[in-house]
Each structure stands twice: as C-alpha cells, then as structure tokens.
Amino acid sequence: MEGLSLFRPFCCSNASSVVSPPRARPFLHLHPSRLLRQLPVPSSRFRSVGSVVCSTSNDQLSQSVEADSSDWAMQDFYSLRREVEAASARVEDIRASAGLQQLERELAELEVKASGASFWDDRAQAQQTLLALTDVKDKIRLLSDFKTQVEEAETIVMLTEEMDSKDRGLLEEAAGIIKELNKALDRFELTELLSGPYDKEGAVVSITAGAGGTDAQDWADMLLRMYVRWGEKQRYKTRVVEKSMGEEAGIKSATLEVEGRYAYGYISGEKGTHRIVRQSPFNAKGLRQTSFSGVEVMPLLPEESLNVEIPEEDLEISFSRAGGKGGQNVNKVETAVRITHIPTRVTVRCTEERSQLSNKIKALSRLKAKLLVIAEEQRASEIKQIRGDAVKAEWGQQIRNYVFHPYKLVKDVRTGYETSDISSVMDGELDPFIKTYLKYKYSMAQSANEAGQ
Amino acid sequence: MKPTVRPSFVRAWPCIASDFSTFFLRLPPPPLAHARNIAQIRHRRIHSSLSPPPPPPLLASSPPSVPPPLFLRPPKYTTTVADLLEWHSWAKSLAASVGSSFEDSDNGPDSRLLCRELNWLMEDVLDGFDPSLMHKAVARDDPDVIVSSRADVQELYRLWKQRIEERRPFQYIVGCEHWRDLILCVREGVLIPRPETEIIVDLVGDVISKDQGLREGLWADLGTGSGAIAIGIAKILGDYGSVIATDLSPVAIQVASFNVERYSLQEKIEVREGSWLDPLKGVEGKVAGLVSNPPYIPSDDIGGLQAEVGRHEPRLALDGGAEGMDDLLHLCNGAASMLKPGSFFAFETNGEKQCKFLVDYMQNQLPGSFCNVNTASDFAGTQRFVTGFRNG
C-alpha cells in the first residue's frame, strides 16, 4: 500500500512529529487511532476526540467512538460520498488545467539545464533556475498529493459500501481528508489564479463618471461606495484619497486606495466600463436612462519597486491652478497634477496631496505603476514596447451591466456570471464576480498557452 | 526707491501686532535694536490702557500668545465621534453655503476647495487620522467612540467660522503649509509660500547639477518669509554649500528660524534680519547664487486681491510699489555687487510684463553685468521668473 506513506505531506507538522514513521499495512488493518492522530482535525467535535487519542489509551478511545457512533447515520454517509465525488471531480479539473504534462516537460528541461557543466558560471542565473526547479517540483508533488488524497477518501467510501459496515473512525478519516483537501485545493487555485507579478500588492482604484451627466456622476458615487464596502468586507484598509464632487449630485471622479495582501489581484479585474440602466432620479420624466462610469485599477507599488526610468521628454505634465494672476495674488490650496505619457497617451492625475511637488511625485509613481501593469498585460518586456492604441481599447472595455429597471440584474459581460440580487452587489458582495472572472482569466491564459504550443 | 521701511510696512503692523508674542519663545530676540524698539512700541500700544507695560517682548509671559500650528500640538483633547461629526457636518454645510460666491467676487475658493481644506484640517487635528474609522463608528451606531484630537471641538467651530466668515487663510488656521516635500509653519505676519515658488528650487537644482562650484558656494534668499526657498535650497545642496536667509520683518525672522530648526538646518542656513541686501554686508562678491520672491504686486491691485490674501497676508510681502517693481529693481541694481563671477540668480515676478521689463532693464541699464538672462514659466504657463548669471 504505497498510498499510505503519501499521507504524510498532508499532515500538519505537529501531527507528524507525534506519529511514528508509517509502516505499510494492509488497508483493512488500519487502526482508527493511528489515522486520527495523523489528521489535523479542525472541527471542535473532532478535536476533542483527537486530543483524547493523543493523551490516552486505545480503550478510552473505543469507548468514545461507541458513544459517538450513532452520529454516523446513513445520511451522513451519503453526504460524505457526495463530497468525495465532488472533490474527485475538482482534483481532476485542477490537474487538467494545471497542465501536468507541460509541467513535467518543464521539469525535465530544468533538470537538464541544472546538470550542465557551465551551470554555475552565472550564479544569479543558476539561482533562478534552481528556484524555478523547486517551484515546478513542488507543484507536481502537490498535484499528485491531491490525487492520492482523494483516492484515499474514495477507497474508504468504497470499502464502507462493500462491507456494509460503518467504521466510524474510517469515515471520520475520509471526512477529514476531504476537508483538508478542499482547503488545499482552494489555496492552490488561489495561488494559480493570483500569480501575476503585482497580485499580492494593494490597489489604487480610480473611478470616473462617464457619459450621462448627473446620473453618471451619481453612478460613479455608487460604484465608489460599492468598492469601499467590498474592501471593508475583505478587511482591507480602504482610503478615499481624492474625490471630486459633481455639481448637483454624485462625483466626477474619485481615487480609492486599498491596502492589504492580494487586494490588487482580486480587484484588478474590475477595470473597465460599468454600465447602469435605471429609472433615473435625476431625470424629470423618470425615463429609463443608461449611464457609464469608468474604473481603473493599478497596483499600489512601493517606491523602490518602481525602478522604471521614463525619459523626461516622454512626459507631458500639466498643473491645474484656478485662474487669476497666480503667484502672490492668489491663495488656493489645490495643486492638481496631471501627467501624460506621450508615447502611449496613458494619463494619471493626482490632486490629493497638499503640495505641488508631492502631487507630482505621487502622480509619477502612479503612472509608472500603470505602465508596468500595461506592459505586463501586453507581455511587453519594456515600457517602450507598449502599444498605445491597444491600451485605450482595452481599458475602456465595457465589463458589466447593472440593470435596476425594468428588471433587476447584474451581469458580467466577460464571464456571463449574473445575479438578480443587485442590492447585495451594490453593498460590496463582489466575490462571486471576482472569482468567476479570475477563473475565466486563468482558463483564457491556459488556452492561449496551449494554442501557442 | 527706498528699500527700507516703507509706509506699507507701517500700515501692515496693526494686522500682525497682536501676534507678535510668539510660539517661537525659545529663540533669542532679534539682534537688531530697531526691531526691538518697534516691538516695544507696539506692545505699549496694545497694553497701555489695560496694564502696566509688559516685560520685554519674546518672553513667555507676554500675552496674547500665538498657539502653535495644529499638527505640532499634543493630542491632549478627546472628543466623541458624534461631536466631531456634528462639527464636521456643520462645517461642511457652511462650506457648501459659500457656493461660488467667493469665486465670483474675488476669485476666492469655492465650496469644493473649502471641503478639501476641511479634510486637511481634520487630518491635522486628529491624531492618526482615519476617516473610515468615523464612518465605521456611524455604521455600527456607536457614536460614543472617543477620538483624540489636537484641538477641542469648540476651537474647531471657532476656527472654521474664521475661515468662512473672515476669510482667514486656511494655512493660518492650521498654522502650516505643505510646500514641496516640506511642512512649513506659518502664521499671520508671514507670507504663505505659493506653489509657483516651488519652481525656484527646481531652477536652482538644474544649475547646481551642472556646476559643482555653485553647489559648494554661498546662497542667499532675500525676503525669505517662512524660510521656504532657503530650506528648499539647503536641502538640495546636500552636504555642500550654505544659505543666508534674510528678512526685514522680525516675525518672518522668527518663523523662518523656527522652520530652519525644525529641519535641523541651523548649521546650513543663517537667518539674518535686515532689508534686502543689507544683511549681506561682508560677503560682497562672494555669493554663488541669489534668489528672491520679493513683493511684486502693484499697489493699486492690493485692494482687489482675494480676501485671504489682501485682508490677511502681510502687505510688506505683497506690495511692490506703484508698478510692483520697486523691490525687484532694487535687487537687480544691488545683485551685481554681491554675486561672484559665474554665479546664478532667480527672481519671481508678477508675470510676463514684469519679466520682460526686468530682462530689458538688465540688458540695457546694467550692461555687462549679467549674461544668459532669461525668463521661465510657472506651471500655469505664466512667465514668472527671471534667471541669469553674473558675467565673468
């Protein structure tokens, strides 16, 4: 039974330190106590049992098992079986989409490279290769662990069905495996989906009211609130750093900083044009109106990671200063700075800082972050290679419709995901949209990779 | 052309008189005898009817004292979120009631700018400002959360009233102005540094990046006010060079000295009291760079200025005489004797007309003194600065 030894990578460290090295045993002889000790069992019911196991003899264990065994009624078994089936399908999916064969090819290539005679000539390069090698190995190991674990659970389910007896220990074993497996699969998916170079960073979200007058400005304000609420739900630190009010209602533009791990990775897919259809409260006749607002998302990059030099002549810097003769004649506190990167026409603005120079510095770092992201998206190795025409088309793409009237529907035009619970969405319940989009983006990247091979 | 005390200087006194006793108490009294005399005279004027003449000025006991800038005060007050929000929404509606009326009457701030100022006021007043915290407290229906603050709520009401009703400049309300990467303390009696003037430091930066000799030399900022330009230059000089900052106004001398100390630049910047070039006696022909933002507004324009400027900022720092050129011309005439060969100068002006006049004046009235005389624009595209080099 090779499968048994493969249990180990899955155990948390404190458990494996307690357990003696596993010996190969026939499956049927598996003793519940051993299995229980190996499992990191998080639910409180399991934990109490587990702690008994670790500290007391097997007699006491069997007593507690008997006392609890009525818990395992038939429906528990059936629901467990369903969970195991679902996990099995999920493992298959992930193994397929992760491109196992491709990974094995990569591994072989890297190993050839690492065994080359001149491998250590370039130390930095060698380090990189070794890191990549470890990464690929870890990933392959993880993928095979998933398979082993789900097979363990399947075997237990099968045995229980065939033998028509319910060994409570075994069933708990399977439940524990599935629980941990699902967590590991979540983690794996997340790291796969959020593997972009800036995904771990915080985010800067800029919202600009588009066509539609006051209605659009109100819509921009609604979006701002939606993202603030979303950020608070994720326990991110959110800060509205700039807000330019509309004349009658709403906002012309706003900038929101979201600090926290993976904030950018999650929210970057919100970039694009958001369209609202409703009976506008700003429309005297109460007619149905369509308005738009643009959302831009950039990573909040630490200054030292912005080691990009942009030639001065590529920058068009303009400052807004309200009328008059300027200089000593005027005392106004706003010192907005707007910078355009001439080759790409990418533009950023910064108004929230209290001095001209600070606004300029911040605008410049925002511009760099934006250009880095665009370069990454276009797979350009340098800012110079960015195709400006593509930026405009892509960043302005309409991504989602919010219909308040005549029916209620929020629909993402990229993924097709939709919900009629529009009020929850406006309250920041964006996770389903974000997750669906991340998966969609991942599968698009995968198929692009496959097509490229 | 009289570079010393002009009538406008005397007129400017009443508005700053009450602020003479200062929060910069640990600084020594100004060295010039006449300054002390003026101070004593003013104190007598204020206090004679109330009490015996107070002790010499600049001692801790001289009333009324100017409170320190908000952001430097200890957060010793506490207030509930509810009280703070009540003040905030009162202040916001007061700002909203302004609409564009200030803008229409004298190009003053509109509601939008006032709301921005309000946010910054909150930033300076609250210890570890986090506006989302307030909204969360409201959302949780927990208005009794305590916030620590650098001013009590009553003072905040008073300050915002002054802002809107008296048009007292925001920077005097909070006691500071963010300028370049600096936070400069300011108060009545000292010109609030303008964003346009930030460019003078950039102009100097360009010059010293090409000429190490200038970087290592002696720089002078004449009419330094809050010390903005002098501190900006001292910072870009880095380990090299030094700066003399001069001003005629004792208040400016105190404020500039305070700011210099706050950035620990006492070793690098010497603050000297006196009119324009007078305090440079002893360094004639040795100055590597001379910069100034002198008063340049024509006297006739003063009455029509934005209320924040015309009613509250020191006329001494604004009024440049009939054409606004009195002090600029005085500086041009005197600069040549101070500057060493190859040295640099930059002056801020009221705009294109003054720029052109100065360039023409230097070329035709002071032939051979300067070379490469040019104008430079501010960020709004207005020709604002005259720059050049001393021949040699």
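Here is the naming used below: chain letters follow the sequence lines, and residue numbers restart at 1 for every chain. Keep in mind that what you see is a predicted model, and the values were worked out from it rather than measured.
- Both the backbone and the side chain of A:Thr351 come within contact range of chain B, with heavy atoms under 4.5 Å apart.
- Listed by chain and number, the residues in a side-chain contact (heavy atoms from CB on, under 4.5 Å) with B:Ile236 are B:Val201, B:Val204, B:Ile208 (sequence neighbours excluded).
- Using a 4.5 Å cut-off between heavy atoms, B:Pro298 makes no contact with chain A at all.
- Residue B:Asp106: no heavy atom, backbone or side chain, is found under 4.5 Å from chain A.
- Looking at B:Trp179, the atoms closer than 4.5 Å to chain A (heavy atoms on both sides) all sit in the backbone: N, CA, C or O.
- Looking at every heavy atom in both residues, A:Gln356 comes nearest to B:Pro195 through OE1-CB, 3.4 Å.
- By the 6.0 Å contact criterion, NZ on B:Lys353 is open, its count of non-hydrogen atoms from other residues, nucleotides or ligands being 12 or less.
- When each of B:Val309, B:Ile183, B:Ile199 is scored by its heavy-atom pairs under 4.5 Å with chain A, the top score falls to B:Val309.
- Between the side chain of A:Lys243 and the main chain of B:Arg116, no donor-acceptor pair closer than 3.5 Å is present.
- Side-chain atoms of B:Glu196 come within 3.5 Å of backbone N or O of A:Gly327 as a donor-acceptor pair.
- Under a cut-off of 6.0 angstrom, the local environment of CD in A:Glu248 is sparse, with at most 12 non-hydrogen atoms contributed by other residues, nucleotides or ligands.
- Proximity to chain A involves both the backbone and the side chain of B:Ile297, based on heavy atoms less than 4.5 angstrom apart.
- Without hydrogens or angle criteria, B:Arg194 side chain to A:Val330 main chain gives a donor-acceptor distance under 3.5 Å.
- The distance from the CZ atom of B:Phe379 to the CD1 atom of A:Ile317 is 12.5 Å, given to the nearest 0.5 Å.
- At a 4.5 Å heavy-atom cutoff, the contact between B:Leu318 and chain A is made by backbone and side-chain atoms alike.
- Highest contact tally toward chain A, considering only B:Glu177, B:Arg112, B:Glu308, is held by B:Arg112 [criterion: heavy-atom pairs under 4.5 Å].
- Not a single donor-acceptor pair under 3.5 Å links the side chain of A:Gln328 to the backbone N or O of B:Thr349.
- Judged by distance alone, the side chain of A:Arg354 and the main-chain N or O of B:His178 form no donor-acceptor pair under 3.5 Å.
- With A:Ser358 contributing its side chain and B:Arg180 its backbone, the two residues share a donor-acceptor pair below 3.5 Å.
- Under a cut-off of 6.0 angstrom, the local environment of CD in B:Glu323 is sparse, with at most 12 non-hydrogen atoms contributed by other residues, nucleotides or ligands.
- For the side-chain contact (heavy atoms from CB on, under 4.5 Å) test, residues two or more places apart in sequence or in another chain that qualify with A:Thr347 are A:Arg338, A:Thr340.
- Taking a 6.0 Å sphere around NZ of A:Lys360, one finds it holds 12 or fewer heavy atoms contributed by other residues, nucleotides or ligands.
- Heavy atoms of A:Glu352 lying under 4.5 Å from chain B belong exclusively to its backbone.
- Considering NZ of A:Lys325 and OH of B:Tyr296, their distance stands at 11.0 Å, rounded to 0.5 Å.
- When each of B:Gln171, B:Glu117, B:Arg384 is checked for heavy-atom pairs under 4.5 Å with chain A, B:Arg384 comes out on top.
- Side chain to side chain, B:Asn107 and A:Asn329 fail the donor-acceptor criterion of an N or O pair below 3.5 Å.
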